[in-house]
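One structure is given below, encoded as structure tokens.
As the structure lists them, so they are numbered: ligands from 1, and atoms in each ligand from 1.
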Amino acid sequence: MDMLIGGKHISSEDLEDVVNPYNGEVIDTVPIAHRQTVDLAIAEANNAKESLCEMSAFKVSNKLFNVVEKLKANREDFAGLLTSEVGKPINESLVEMDRSIETLKLAAEEAKRIYGESVPLDAGLNGKGFFAFTQRLPLGVVAAITPFNYPLNLTIHKIAPAIACKNMVIVKPPTEAPLTVMKFCELLNEEFPDGVVNTVTGYGSEVGDHLVTSPDINKISFTGSITTGMMISQKAGMKKVTLELGGNDPMIVFADADIDKAVKGVINGAFLNAGQVCMGVKRIIADNEIAEEFAEKLVLETEKLVMGDPSDSKTTLGTLISEKAAMQVEETVNNAVSDGAKILTGGTRDGAFYEATVIDNVTPEMDLVINETFGPVAPIIRVNDVDEAIKVANETDYGLQAGVFTNDYALAMRCAQEIEAGTVFVNKQSTFRTDNMPFGGFKSSGVGKEGIKYAVEEMTKTKLIGLNLR
Ligand code: NAD
């Protein structure tokens, strides 16, 4: 599939295969772009500025709603493509499609709500006699750089608010899974002037890096790993930057918790998308009093998962993004076992598949829980009391989301206040998000927020206009 630049389809002499991680088949190829192609995309995006800014908010909103309808009409086709490029079960791809449609719809609505406010300058010294107000203006060209795990919805979280507030966009989709995003950009291009949305494929180290360092890009909106995010923040200079990075989310299960609910939380939180979720449950912190019962029930439910062909609707556990990724998870789990952890179920790899794995007797010093393990692994760390639980929850560089299971609301509130994370859910695992909520981590998990309204704030600049009426 070709790139889309200034409304034209552009290829390259060098091509990269897009491979189905389940069966190793090449689904398609995409161009490996180089720096000159990125410069062309930047020029085309800038050329589109006038025609986009001339559009009324009413028109931008209507056009986004038209794309919503097109996406709905293509829901099943897009879901099939997502499953073949990511290896996620088809039912999860359909959920990603529904969320993508919802995210786009939220942006179509938000396009009509780009408000400024009146500012009482007379509340300040010498401000009497002014009438002043602010406007929120587009930044210009937004570069959207996105990861493989939820390629479509996470990219729409950038493109849609960017266009809603009249920015042009250059999308660098994930190298492993670029196709759904590229197809979506084609739908957008049918509605908006050429150059409003552009795609550049290739390697992050060249294409991504050039977007990050180019002086003609006004905003970097990045979702991906901490390593890449840190590099971007060092190189971006004066550009506005939003970084949605990795997570190592804790889930605390207290002695009074509804154990069945907590077990369900782990099944939905640690094994969704084969554990490749930024806000996945990555550390279960269980009170010793119930840890045994909790672990037994968790093993029973884990063993009900169906690992297999992701395109089969009965499958609940697909592949990881590649065999290499599965081997990394295998190595991390094996190291934890060598250090004293105990596998209760799972622990075996087959190509790009890694079994849903419950692992007990994990200690906070193990790599398995210090770094983000991006695979279907549920590590249990046993603790003795509330203080220890909160301490362990915070013993990480990450701070994306967290879940606390208890029926004691005073305890829940204490945890909510003391856990250092962008979101704390009570009686719900961290692996939950509605697409309108402010989403973004503390500590090394990121900078800035997404969730359409919040993304619009990050993709606009405020101008104050003051009329001296005296
Ligand atoms: P990654 O950082 O390897 O890649 C993300 C994107 O950055 C890709 O498009 C890649 O090509 C590009 N890139 C790579 N090097 C670059 C460079 N030097 N300059 C510019 N761009 C570059 O991440 P990944 O492996 O695709 O995704 C998994 C990670 O993403 C996990 O850590 C996960 O937690 C995180 N993630 C975070 C969120 C969130 O919202 N916080 C959501 C999903 C995934």
Nearest non-hydrogen contact with [atom] belongs to which option: [options]?
{"atom": "atom 18 (N) of ligand 1", "options": "Arg433, Met231, Glu372", "result": "Met231"}
{"atom": "atom 15 (N) of ligand 1", "options": "Thr242, Thr228, Asp249", "result": "Thr228"}
{"atom": "atom 11 (O) of ligand 1", "options": "Lys172, His157, Gln276", "result": "Lys172"}

If we ignore angles and hydrogens, is there a donor and acceptor under 3.5 Å between the side chains of [X] and [Y]?
{"X": "Lys219", "Y": "Thr242", "answer": "yes"}
{"X": "Thr180", "Y": "Glu85", "answer": "yes"}
{"X": "Thr363", "Y": "Glu365", "answer": "yes"}
{"X": "Ser93", "Y": "Thr83", "answer": "yes"}

Work out whether the distance between some heavy atom of [X] and some atom of ligand 1 is less than 4.0 Å.
{"X": "Tyr150", "result": "no"}
{"X": "Tyr203", "result": "no"}
{"X": "Pro173", "result": "yes"}
{"X": "Gly446", "result": "no"}

Under 4.0 Å from any heavy atom of [X], which atoms of ligand 1 are there?
{"X": "Asp209", "result": "19 (N), 20 (C)"}
{"X": "Leu154", "result": "42 (C), 43 (C)"}
{"X": "Asn149", "result": "43 (C), 44 (C)"}
{"X": "Ile145", "result": "6 (C), 7 (O), 9 (O), 12 (C), 21 (N)"}
{"X": "Thr175", "result": "11 (O)"}
{"X": "Gly208", "result": "19 (N), 20 (C), 21 (N)"}

Problem set entry | Geometric cation-pi criterion Arg433 and Phe439, 6.0 Å radius, 45° cone |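 Flagged: Arg433 positioned over aromatic ring of Phe439.
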Problem set entry | Lys/Arg cation over aromatic Tyr150: Lys88, 6.0 Å, 45° cone |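 Yes, Lys88 and Tyr150 form such a contact.
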Closest approach of any protein heavy atom to [atom], naming residue and atom:
{"atom": "atom 13 (N) of ligand 1", "result": "Gly204 CA, 3.5 Å"}
{"atom": "atom 36 (N) of ligand 1", "result": "Cys278 CB, 3.5 Å"}
{"atom": "atom 7 (O) of ligand 1", "result": "Phe222 CE1, 3.2 Å"}
{"atom": "atom 23 (O) of ligand 1", "result": "Ser225 N, 3.4 Å"}
{"atom": "atom 40 (O) of ligand 1", "result": "Phe439 CE2, 3.2 Å"}
{"atom": "atom 27 (O) of ligand 1", "result": "Pro147 CB, 3.3 Å"}
{"atom": "atom 8 (C) of ligand 1", "result": "Thr146 O, 3.3 Å"}
{"atom": "atom 28 (C) of ligand 1", "result": "Phe374 CE2, 3.7 Å"}

Exercise. What's the verdict on ring pair (Phe, Tyr, Trp, His ring centres under 6.0 Å) for Phe184 and Phe78, showing C-alpha distance, side-chain angles and the deciding distance?
Worked result: CA-CA 9 Å; Phe184 171 71; Phe78 270 65; 7.3 Å; no
Exercise. What residue among Asn273, Leu272, Leu320 forms side-chain contact (heavy atoms from CB on, under 4.5 Å) with Pro376?
Worked result: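 That would be Leu320.
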Problem set entry | Validation row: Lys453, Asn436 side chains within 4.5 angstrom (heavy atoms) |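 Answer no - side chains too far apart.
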Exercise. Are side-chain heavy atoms of Leu64 and Leu104 found at a separation under 4.5 Å?
Worked result: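 Yes; the side chains approach each other to less than 4.5 Å.
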Exercise. To the nearest 0.5 Å, how far apart are CD1 in Ile285 and CD in Glu395?
Worked result: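 Taking CD1 in Ile285 and CD in Glu395, the distance rounds to 9.0 Å.
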Problem set entry | Gap between atom NZ of Lys183 and atom OG1 of Thr199 - 0.5 Å precision |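 That separation rounds to 14.0 Å.
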Problem set entry | Ion pair check, Lys342 and Asp360, cut-off under 4.0 Å |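 A salt bridge is absent here (no side-chain N lies under 4.0 Å from a carboxylate O).
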For this session: Please indicate whether any nitrogen or oxygen in Leu245 is less than 3.5 Å from any nitrogen or oxygen in ligand 1.
Result: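 In this structure, Leu245 places an N or O atom under 3.5 Å from an N or O of ligand 1.
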Problem set entry | Verify atom 4 (O) of ligand 1: protein non-hydrogen atom under 4.0 angstrom away |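 No; the ligand atom in question lacks any protein heavy-atom contact below 4.0 Å.
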Problem set entry | Taking every non-hydrogen atom, the tightest pair across Lys282 and Thr373 |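 Reported closest heavy-atom pair: CD-O, 3.6 Å.
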